[in-house]
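Following: one structure in structure tokens, then a few remarks.
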Amino acid sequence: MPTTAETLARTGGQPLSHVLFSEAQIAERVHELGEQIARDIPEGEDILVLGLLKGSFIFLSDLVRQIKRPMEVDFLIVSSYGAGTESSGDVKLLYAREASVTGKHVVLVEDIVDSGTTLNRLLPILEESKPKSLEICALLHKHIAKNLVKEPRWVGFDCPQEFVIGYGLDHSEKYRNLPFVGVIEP
Ligand code: PRP
């Protein structure tokens, strides 16, 4: 399918190889995830949704509106990729949340679980603060992570072994503003 003019306007002329998950598919799945999370966390207990920046910012903003419960929202900034398309394994915590984790049901929101390095480094740090529960909601899961300390409880879509962009995911900081998840031409 040829890349539309609207998409080319957003990518600066870079054609896409293909769209993996459309805007409509994502909206439907995010709605389901929100309902599932609201059902799975016990009624009346504190929820803290923690977004991993920058990749999760669009997913998180759509997701929290589909979790129809009281909650707090905060963010973490870690970085594991440089300008390339391979995870370097070097995770840096650049910003730590202000919200207290202790005693809350923490939903850690990831755009994608790739090598698993980010989660494997981050989860033990968050566990130290004694959340009541700590679960991961990932939009995309590649299922290639070895020795993942914890599997995501809620997953939007299984993701093929391709470099995906859009809906918050970047390549060298570009393409985050595409409303769908796609693959760029090599
Ligand atoms: C990406 C992505 C995930 C992580 C997944 O973040 O957003 O957080 O890598 O990869 P892993 O499972 O191999 O650790 P990145 O470090 O590129 O930063 P960004 O969210 O700012 O794009």
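As the structure lists them, so they are numbered: ligands from 1, and atoms in each ligand from 1. Count residues from 1 along the sequence.
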Using a strict cut-off of 4.0 Å, indicate which atoms of ligand 1 neighbour a heavy atom of [X].
X    : value
D111 : 2 (C), 3 (C), 7 (O), 8 (O)
I112 : 2 (C), 3 (C), 5 (C)
R176 : 19 (P), 21 (O), 22 (O)
L53  : 20 (O), 21 (O)

Quick one: does [X] get an N or O within less than 3.5 Å of an N or O on ligand 1?
X    : result
G116 : yes
G55  : yes
E110 : yes

Heavy atoms from other residues, nucleotides or ligands near CD of E127 exceed 12 (cutoff 6.0 Å): yes

Evaluation steps, side-chain contact (heavy atoms from CB on, under 4.5 Å), between L52 and L122: CA-CA 10 Å; L52 268 178; L122 198 54; 3.4 Å; yes

Sub-4.0 Å heavy-atom approach of K142 to ligand 1: no

Test side-chain contact (heavy atoms from CB on, under 4.5 Å) applied to V149 - qualifying residues, sequence neighbours left out: N120, L123

Sole candidate of F59, F180, F21 that passes side chain to side chain contact (heavy atoms under 4.5 Å, CB included) when paired with Y167: F59

Option whose closest heavy atom lies nearest to atom 11 (P) of ligand 1, chosen from G51, S115, S56: S115

SB check K104 E72 (cutoff 4.0 Å): yes

Pairs touching residues 46-56 that satisfy side-chain hydrogen bond (donor to acceptor under 3.5 Å, both in side chains), sequence neighbours left out: K54-E173

Test item: side-chain donor near acceptor, H141 and E151, under 3.5 Å: yes

